[in-house]
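The block underneath contains the structure these notes are about, expressed in structure tokens.
Bear in mind the structure is a predicted one, so any value in this text is a computation, not a measurement. All values below come from the heavy atoms of this structure, side chains included, with hydrogens, waters and symmetry mates left out.
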Amino acid sequence: MASSSQAYENYGVDCQYLNSYISGNGSMNKQKLVELLSGRNQQELKLIRQTYNALYNQDILHALSNIRSNDAFANVVYLRMSEPQDRDAEIVREALFGGRVNLNVLIEVVCTRSSSQLHSIKQAYRVHYNSQIEQDIAQKITGSFKEILLAAVRSSQKYAGRVDMSMAMCDAKTLYEAMESGSSVDWKTIMSLVGERNNEQIKAILFSYKELYGHEFSKFLKCTKCGRFGKDLRIVIRGIQSPEKFLAKQLRAALQSAVDAREVLIRIVVTRVEVDIRDTSNVFAAITGWSVGNLVRREFKSAGGRNTSSNKAYDQLVGEFLLGLLKHC
């Protein structure tokens, strides 16, 4: 850990620019702030938060939260500087209680995070909102996704377990028997596996299934006898199996939708920049012909794009910041 003098030397400039921005100093070099923050990794951002607190006796996240509702750039900086588990807990909370339930965002977080990350998100959620994620999902979600998501979240309790390929092979055979051996599907057995194996182990089961039977487990979930439940489970299973493909499809849906893609872009770039944004961008380019960077430019920087914000200056900064993150990933 850096000493206080070292931290000031390394991150004091970042803090000065942040303080000037939050204080409303219109003459400050905002481009320099974008350049500084977009090149910092998660550990460096944590040290910036500590340094800011030491210099100004104020929590930088609290300061940003006071202006983020009316300042798109402050909002994206707040999201980037937050601890990942705290940020994801807030994303889940907003998806559940931010008006209409945003099932798509909820599925995204549950599917694309590792079981250890989900475990940390559940802890952060409990601390910040004095509630359990499982309890709130049970309250707000209906239909087949309620059972599926509860099972997926419950599986994070096994986050510390190592991948066991022998067990995965046995589980793959169990899945086959439950799914393909009879005239009906044994959903109880399938959901038991989903709830008792962590996400990494589920990936191993799906790999073993294809090795044994020559096709993806998710492919069979589309068949008639699987019904609506099978189609919904397929969405979650494919998200766990290939997060980068799931996220690329989220971006494609935003690209093709009638509304703008800014919220989706910010969420995916900020949360995945140190995880798999490069792989996600490659998949996105393969299925759309667009890079994530080009989508950012269209939404935040192009005069002919779909940017409907009343404050183009903030959005220009957001676009530059996201492009900077993509550049440094």
Side-chain angles (χ1 to χ4, degrees), residues 1-91 93-94 98 124 127-129 260 262-263 265-271 273-274 296-297 299-303 307-329:
M1 180 68 67
S3 67
S4 57
S5 60
Q6 288 174 324
Y8 178 80
E9 182 179 342
N10 293 332
Y11 308 113
V13 173
D14 303 63
C15 294
Q16 290 171 17
Y17 275 97
L18 277 167
N19 185 255
S20 292
Y21 184 84
I22 292 168
S23 301
N25 182 350
S27 63
M28 67 161 291
N29 187 341
K30 297 181 178 65
Q31 193 62 41
K32 181 64 175 178
L33 177 60
V34 169
E35 180 184 321
L36 286 168
L37 293 182
S38 63
R40 299 301 193 184
N41 62 34
Q42 198 67 49
Q43 180 59 31
E44 289 172 326
L45 292 171
K46 182 175 183 179
L47 292 171
I48 290 170
R49 294 201 311 269
Q50 294 171 355
T51 305
Y52 192 94
N53 188 278
L55 287 173
Y56 301 106
N57 194 30
Q58 185 180 31
D59 181 349
I60 180 62
L61 293 178
H62 180 72
L64 289 167
S65 70
N66 288 334
I67 62 174
R68 62 186 290 219
S69 62
N70 297 313
D71 183 331
F73 180 63
N75 179 58
V76 76
V77 172
Y78 170 89
L79 292 172
R80 175 61 181 148
M81 294 195 71
S82 297
E83 286 292 323
Q85 67 273 14
D86 296 326
R87 178 178 60 221
D88 282 345
E90 182 174 342
I91 290 171
R93 184 72 176 185
E94 181 68 18
V127 169
H128 291 300
Y129 305 111
D260 68 56
R262 286 177 291 165
E263 181 180 340
L265 264 172
I266 289 170
R267 186 179 68 247
I268 291 178
V269 172
V270 169
T271 62
V273 66
E274 293 184 55
V296 170
R297 291 183 185 92
E299 292 300 321
F300 292 98
K301 295 175 68 63
S302 172
N307 188 335
T308 58
S309 171
S310 59
N311 196 321
K312 299 296 192 296
Y314 287 149
D315 288 338
Q316 288 280 330
L317 287 175
V318 173
E320 292 291 346
F321 185 68
L322 295 179
L323 290 172
L325 292 177
L326 292 169
K327 177 183 176 181
H328 290 101
C329 69

**OP:** Please report the closest heavy-atom contact between Gly319 and Val296, naming both atoms and the distance.
**Re:** O-CG1, 3.7 Å
**OP:** Determine the minimum heavy-atom distance between Tyr78 and Glu90, stating which atoms define it.
**Re:** OH-OE1, 3.1 Å
**OP:** Of all the heavy-atom pairs spanning Glu274 and Gln42, show the shortest one and how long it is.
**Re:** OE2-N, 2.8 Å
Original post:
Where the side chain of Ser23 meets the backbone of Ser20, is there a donor-acceptor pair that is under 3.5 Å apart?
Top reply: no
**OP:** Please name the pair of heavy atoms, one in Gly12 and one in Leu55, separated by the smallest distance, quoted to 0.1 Å.
**Re:** CA-CD1, 4.4 Å
Subject >> Value rounded to 0.5 Å, distance of CD1 in Ile268 from CG in Leu322 >> reply: 11.5 Å
Subject >> Exercise: identify the closest heavy-atom pair between Ala124 and Gln85 >> reply: CB-O, 3.7 Å
Original post:
Do the side chain of Glu44 and the main chain of Asn41 share a donor and acceptor less than 3.5 angstrom apart?
Top reply: yes
Original post:
Should His328 and Arg40 count as side-chain neighbours, where that means a heavy-atom distance under 4.5 Å?
Top reply: no
**OP:** Hey, could you give me the CG/CZ distance between Asn53 and Arg49, rounded to the nearest 0.5 Å?
**Re:** 10.5 Å
Subject >> Nearest non-hydrogen partners of Val273 and Leu325, listed with the distance >> reply: CG2-O, 3.5 Å
Atom pairs and distances, donor-acceptor, side-chain atoms in residues 25-38, under 3.5 Å, two or more places apart:
{"from": "Asn25", "atom 1": "OD1", "to": "Ser27", "atom 2": "N", "distance (Å)": "3.1"}
{"from": "Asn25", "atom 1": "OD1", "to": "Ser27", "atom 2": "OG", "distance (Å)": "2.7"}
{"from": "Asn29", "atom 1": "OD1", "to": "Gln31", "atom 2": "N", "distance (Å)": "3.2"}
{"from": "Asn29", "atom 1": "OD1", "to": "Lys32", "atom 2": "N", "distance (Å)": "3.0"}
{"from": "Ser38", "atom 1": "OG", "to": "Val34", "atom 2": "O", "distance (Å)": "2.8"}
{"from": "Ser38", "atom 1": "OG", "to": "Glu35", "atom 2": "O", "distance (Å)": "3.4"}

